[in-house]
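Okay, structure first, notes after.
Residue numbers start from 1 in every chain, and the chains themselves are labelled A, B, ... in the order their sequence lines are given, proteins ahead of strands.
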Amino acid sequence: MEISSKYSPKDIETKWYKEWLDNKLFRSIPDHREPYTIVIPPPNVTGVLHMGHMLNNTIQDVLVRRARMLGKNACWVPGTDHASIATEAKVVAMLKEKGIEKKSISRDEFLGYAWEWKEKYGGIILEQLKKLGCSCDWDRTRFTMEPSLSEAVIDVFIDLHSKGLIYRGSRMVNWDPAGKTALSDEEVIYKEVDSKLYYIKYFVPDSDEYIMVATTRPETLLGDTAVCANPNDERYKKFIGKTVIVPIVNREVPVIFDEYVDAEFGTGVLKITPAHDINDYNLGIKHNVPSIDCFNDDGTMSEAAGFYIGMDRFAVRKQIAKDLAESGHLEKEEAIKNKVGYSERTDAVIEPRISKQWFVDMKKYMARNPEVLDSVMNDEIQFYPSKLKNTYNHWITNIKDWCISRQLWWGQRIPAWYDEQGNTVVAKTHEEALELYQKQFNNSAVKQLNQDEDVLDTWFSSWLWPISVFDGFKDPDNADINYYYPTNDLVTAPEIMFFWVARMIMSGYEYKGQKPFSNVYYTGIVRDKLRRKMSKSLGNSPDPLPMMDEYGADAVRMGMMLCSPAGNDILFDISQVEQGRNFSNKIWNAYRLVMGWETTQTATEYYSIYGFVAQNWMETKLNKAIIEVNEHFDKFRLSDALMVIYKLIWDDFCSWYLEMMKPPYGDPIHDKALVQVKSVFERLMRLLHPFMPFISEEIRDGLLGNIHSYINKSKWPECIPDIKPVFYENSFELITLIRNKRNENGISPKTPAIVSVSTDDTSGYKSLYDVIRKLANVEVIDFIKSSKGLKGMVNKDEVSIEYIGWEMKQADSSELQKEIDYLTGFLKSIEAKLTNEKFMANAKPDLIDKERQKKADAESKIETLRQQLG
RNA sequence: GGGAGCUUAGCUCAGCUGGUUCAGAGCACCUGCCUUACAAGCAGGGGGUCACUGGUUCGAACCCAGUAGCUCCCA
């Protein structure tokens with residue numbers, strides 16, 4: 001059979017993924033085994049796969065696949081969240097294309113379209129994860145808005161409300177005029193922008209006297225109801241008790257005084273617009289000045305503004321500056337930089353706005369559930385990297401109430417019901433609400449209550465995810481939740497810590513009395529080579545799907561995993577994927593080699609020597625690597641684990657072991673030797689499998705004779721205990737030395753060498769005699785002292801090398817001299833220690849012994865080198 | 001403005017309880033090779049005042065203080 005020298009992953013990956021699914025290899029059902037559970041951070045249902053997902057899900061798959069091989073009952077639950085703002089925006093856009101305005105249809109009609117949209121596009125990202133090789137239990141796929149998960153959300157709302165942990169209040173919220181909804185603080189991104197500071201005169205009535213106010217938002221002056229200065233500011237004391245006229249609207253407002261005002265900033269006077277600034281709002285309440293909301297919910301000027309009605313706020317800003325200048329109210333404009341909040345979803349500038357919203361009282365919540373903080377601080381829940389505990393601690397200790405209502409239709413509708421006067425009850429259905437209402441307000445005349453128009457924040461669904469995916473609310477004692485909860489590991493990005501990680505911990509303790517997971521692995525952010533975050537708008541994010549088509553999912557996974565320690569950003573570059581592809585190809589060619597060997601049953605000398613020596617050497621390396629890889633996994637150091645495997649396969653297996661086992665050209669290999677080679681290869685594939693699931697499956701399957709036993713069901717490799725390492729390193733160093741000397745002197749690799757080694761112990765060299773001859777192209781090795789040829793050292797052994805037909809031009813002494821110089825310096829530093837009284841007094845005895853040994857070694861080495869020099 | 005973290009080779013990063021198995025890895029780079037598994041390869045090689053300045057110590061990349069620069073979080 002002819003196997004191509006280039007590995008082509010595409011068909012192989014498609015073939016295996018289909019087989020895995022057909023054979024339900026990722027299915028998990030509770031049984032007697034130890035469970036290992038991961039719930040996927042549900043990707044946004046509107047999303048398509050980007051590099052961040054690739055990294056995040058590769059990591060999860062690596063963890064899950066290894067756990068499965070360790071004999072655990074591994075369960076990776078996939079799913080998506082309903083992403084209310086993003087999805088609603090998509091649906092609104094889709095309707096617009098059809099010529100339908102959201103305003104013109106009913107809520108139910110809109111939801112009909114939304115579900116239609118979800119059914120059509122909502123599964124795309126999950127299909128893409130399959131290309132990546134993700135071993136999710138697809139039969140468990142959940143969606144945050146499916147009936148049972150929605151019911152859990154509503155029940156939790158009602159429950160928290162009854163416990164007094166949820167309240168409705170008037171608050172200044174972050175208003176997104178594009179999404180037309182309130183956002184939580186976490187959904188606002190502050191960016192530094194170039195702004196202007198406008199200096200505006202507010203005249204005292206019937207006077208030329210005026211107060212100068214500096215503001216970046218002149219359009220809000222239509223809502224001004226006071227101006228405020230610091231009471232200690234001498235400049236403004238004369239205005240005590242006076243009023244001023246707000247320009248344009250000609251409203252007379254009081255001059256008030258408060259310590260809050262910074263006399264140093266701007267002119268030392270603030271205009272007070274309680275409806276549109278949180279600080280103004282607080283001052284407004286304190287000084288009892290009214291509030292005028294001069295904006296509509298889409299960011300245009302409202303009727304209440306009185307002027308520029310219907311114009312957009314930014315257009316008004318320009319216009320009002322012009323108008324103020326014309327009327328002589330504008331003193332000057334000054335360029336400044338300030339921070340402005342933007343909506344994470346719509347990128348619209350956030351408008352602070354007062355509105356009635358539902359909140360979770362976080363202070364109370366934390367008082368009930370101190371474990372939310374404690375469990376992380378005492379490592380019951382471990383963060384990787386642990387430095388992120390600080391951030392968590394800081395956020396939890398300074399936590400703010402959580403605004404959970406959103407002015408949207410796509411989401412779980414808030415189960416609150418109002419009568420005409422605004423009296424409120426919270427209940428699951430209208431019927432229950434009415435009953436409750438009649439009892440609570442002792443009013444049986446009212447037969448109709450109106451449900452709150454708003455829906456709940458998407459995170460108010462996802463925070464229940466580790467419980468709700470196992471139906472832990474609907475059926476709290478069911479087999480799944482009892483078996484899989486608490487889950488093991490959560491893999492997510494650091495920016496999700498507050499949105500999700502913290503809140504899952506909160507819900508876990510409140511509703512299960514237990515943590516939701518034991519480990520949180522924070523991935524980095526995927527950036528481009530210039531450290532810019534990959535984003536659609538920058539266009540610097542490669543499309544993962546064609547990339548996987550071209551290089552293979554394995555290569556992409558490898559490329560991402562090689563350079564992404566926990567918590568570190570990954571600077572993605574296609575060259576990393578190339579490295580992954582090259583690695584696949586390397587493995588593929590080793591496979592070609594092994595599969596191409598003819599076998600014999602005649603035991604040759606070659607087999608008996610190499611079979612033992614090479615095998616023993618390789619087994620030793622494999623044992624060591626398995627231990628290291630396991631240690632790295634235990635510490636979630638996945639890229640280090642991969643690197644150990646990479647070097648084990650490329651360097652130890654391909655460059656050394658296979659070269660040793662390879663029979664002389666044209667000869668067959670002994671069938672027992674081939675069995676050994678295949679055994680090693682097969683174990684290597686098992687080690688590699690979590691990282692590169694496809695090629696490891698393909699090759700293992702080939703090595704075992706296409707029996708389709710599935711690597712995913714095989715055991716994670718274990719150390720073979722009775723391997724006694726034999727001392728070979730000198731022989732390997734000798735090979736390197738001989739190759740080196742050739743290189744240094746420009747001698748062709750084809751020129752054979754004649755080597756003399758002067759040593760006390762020839763056994764190590766003798767056992768690898770043929771290996772050395774083959775790998776270093778040596779004609780003959782003897783063990784007598786020779787004065788001819790190039791000189792070198794292998795540890796304490798002197799080596800002389802001649803190359804047949806090559807004339808040595810001059811004595812090769814510089815290398816030796818360098819070595820002597822280095823050792824002399826080294827010796828000196830050791831002697832300094834050993835003659836230092838304090839060192840001798842303080843250092844541990846075994847350290848002193850070590851130093852003495854080093855001294856002796858160095859001395860004897862120097863001696864030998866001097867002799868060589870002559 | 002408040003808090004946290006980082007600074008080690010050209011790049012991305014390891015470096016545990018201080019002690020020449022500690023100055024490392026991968027990539028990139030340079031040299032020589034189309035050696036019959038693999039040029040997506042083989043054999044070699046050169047790169048670092050461990051940000052800076054002090055201190056502690058017999059001994060510091062590692063501990064302490066200060067300085068500079070960068071990043072993130074919160075306001």
Side-chain angles (χ1 to χ4, degrees), chain A residues 3-7 185-186 190 262 278-279 339 341 385 387-395 397-400 494-495 497-498 524-525 527 529 531 551 555 559 562-565 567-573 575-597 631-632 635 637 639-640 642-644 646-647 650 654-655 658-659 662 665-666 735-750 775-777 822-823 825-827 829-830 832-844 846-848 850-851 854-855 857-858:
Chain A
I3 311 178
S4 161
S5 72
K6 299 273 186 280
Y7 175 60
D185 290 344
E186 287 75 28
Y190 289 89
D262 179 1
I278 181 66
N279 301 308
K339 292 217 169 160
K387 63 182 177 190
L388 288 172
K389 281 163 74 176
N390 291 327
T391 313
Y392 184 83
N393 184 14
H394 192 255
W395 189 76
T397 20
N398 296 292
I399 197 158
K400 306 258 177 45
E495 69 251 37
M497 186 193 289
F498 311 131
I525 294 165
R527 298 175 184 278
K529 266 176 111 177
R531 279 201 179 273
Y551 293 92
L562 260 180
C563 57
S564 62
N568 273 354
D569 288 356
I570 134 163
L571 271 58
F572 184 81
D573 186 73
S575 67
Q576 289 150 230
V577 176
E578 280 172 14
Q579 196 185 347
R581 179 202 52 187
N582 295 354
F583 187 45
S584 299
N585 205 49
K586 182 73 184 175
I587 297 168
W588 183 250
N589 277 291
Y591 176 64
R592 283 177 65 212
L593 174 69
V594 170
M595 295 307 277
W597 281 332
E631 282 172 357
H632 286 314
K635 294 175 188 160
R637 300 167 63 133
S639 37
D640 292 314
L642 177 56
M643 185 50 69
V644 171
Y646 177 78
K647 286 197 275 195
W650 199 305
C654 292
S655 297
L658 285 182
E659 290 300 334
K662 194 197 271 182
Y665 180 61
I735 292 168
T736 303
L737 180 72
I738 298 165
R739 287 171 172 173
N740 250 331
K741 292 290 171 195
R742 254 201 203 91
N743 246 312
E744 281 167 16
N745 294 287
I747 304 164
S748 160
K750 288 174 181 162
L775 298 191
N777 189 17
Y822 170 78
L823 285 168
F826 177 46
L827 192 60
S829 77
I830 296 170
K833 279 188 200 176
L834 291 173
T835 54
N836 183 323
E837 275 174 39
K838 287 193 174 169
F839 174 79
M840 298 304 281
N842 293 322
K844 289 181 190 140
D846 60 327
L847 185 70
I848 293 174
K850 250 195 212 167
E851 295 294 325
K854 279 188 218 159
K855 183 178 176 226
D857 288 351

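For A:Ser5, the side chain to side chain contact (heavy atoms under 4.5 Å, CB included) criterion is met by A:Asn589, A:Arg592, not counting sequence neighbours. In this structure, A:Phe572 has no ring pair (Phe, Tyr, Trp, His ring centres under 6.0 Å) partners at least two apart in sequence or on a different chain. Residues meeting the side chain to side chain donor-acceptor pair (under 3.5 Å) test with A:Arg739, sequence neighbours left out: none. Judged as a salt bridge (Lys or Arg N to Asp or Glu O under 4.0 Å), and not counting sequence neighbours, the contacts of A:Lys389 are A:Asp379.
Distances shorter than 4.0 Å separate none of the side-chain N or O atoms of A:Asn740 from OP1 or OP2 on B:rA43. One finds no side-chain N or O of A:Ser5 lying less than 4.0 angstrom from the OP1 or OP2 phosphate oxygen of B:rA40. The phosphate of B:rC73 has neither OP1 nor OP2 within less than 4.0 Å of any side-chain N or O from A:Asn390. Regarding contacts with the backbone of B:rC16, every side-chain N or O of A:Lys635 stays at 4.0 angstrom or more from both OP1 and OP2. The side chain of A:Arg637 contributes an N or O atom lying less than 4.0 Å from OP1 or OP2 of B:rG15. When the side-chain nitrogen and oxygen atoms of A:Lys662 are compared with OP1 and OP2 of B:rA37, one or more of them lie within a distance under 4.0 Å.
Heavy atoms of A:Trp597 sit nowhere under 4.0 angstrom from any nucleic acid atom. If you check every strand for non-hydrogen atoms under 4.0 Å, A:Lys400 touches sugar and phosphate atoms only. Among the protein residues, A:Ser748 comes within range of no part of the nucleic acid, since none of its heavy atoms lies under 4.0 Å from any strand.
As rounded to whole Å, 14 Å separates atom P of B:rA37 from atom NZ of A:Lys6. In this structure, CH2 of A:Trp395 is placed 19 Å from P of B:rA4, rounded to the nearest angstrom. In this structure, CH2 of A:Trp650 is placed 12 Å from C1' of B:rA37, rounded to the nearest angstrom. Distance A:Lys750 NZ to B:rA43 P: 16 Å, rounded to the nearest Å. As a whole-Å value, the separation of A:Glu578 CD from B:rA39 P is 16 Å. The interatomic distance linking A:Lys838 (NZ) with B:rG18 (P) rounds to 20 Å, in whole Å. Here the P atom of nucleotide B:rG15 and the CG atom of A:Asp640 are 7 Å apart, to the nearest Å.
Residues A:Lys662 and A:Trp597 form a side-chain contact, since some pair of their non-hydrogen atoms from C-beta on lies under 4.5 Å apart. Side-chain contact between A:Phe498 and A:Thr391: present, with at least one pair of heavy atoms (C-beta onward) separated by less than 4.5 Å.
The glycosidic torsion of B:rG47 lies within 90° of 0, placing the base in the syn range.
Summarising the geometry, atom CD1 belonging to A:Ile587 is positioned 11.0 Å from atom CG belonging to A:Asn582; distances are rounded to the nearest 0.5 Å.
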All N/O pairs under 3.5 Å across the protein-nucleotides 26-29 of chain B interface:
| residue | atom | partner | partner atom | Å |
| --- | --- | --- | --- | --- |
| B:rG26 | O2' | A:Gln579 | NE2 | 3.0 |
| B:rC27 | OP1 | A:Tyr646 | OH | 3.2 |

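Using cut-offs of 30° and 60° on the angle between ring planes, the pair A:Trp650 and A:Phe583 is parallel.
Nucleotides B:rU12 and B:rG59 place their P atoms 35 Å apart, quoted to the nearest Å. Rounded to whole Å, the C1' atom of B:rG55 lies 15 Å from the corresponding atom of B:rG18. One P atom belongs to B:rU7, the other to B:rC16, and the distance between them is 12 Å to the nearest Å. Comparing B:rG45 with B:rC27, their P atoms sit 15 Å apart, to the nearest whole Å. The gap from the P atom of B:rU67 to that of B:rG1 amounts to 15 Å, rounded to the nearest Å. Rounded to a whole angstrom, the distance from the P atom of B:rU35 to that of B:rA9 is 38 Å. On the C1' atoms, B:rC52 is 15 Å away from B:rC6, given to the nearest whole Å. Between B:rC50 and B:rC63, the two C1' atoms lie 16 Å apart (nearest whole Å).
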Give RNA chain B the dot-bracket treatment, 5' to 3': Watson-Crick (N1-N3 with N6-O4 or O6-N4) or G-U (N1-O2, O6-N3) under 3.5 Å, [ ] crossing, | other strand. (((((((..((((.....[....)))).(((((.......))))).....(((((..]....)))))))))))).
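A donor-acceptor contact under 3.5 Å links the side chain of A:Arg581 to the base of B:rA40.
Here B:rG41 is the nucleotide among B:rA43, B:rC58, B:rG41 with the atom lying nearest to any side-chain atom of A:Asn582.
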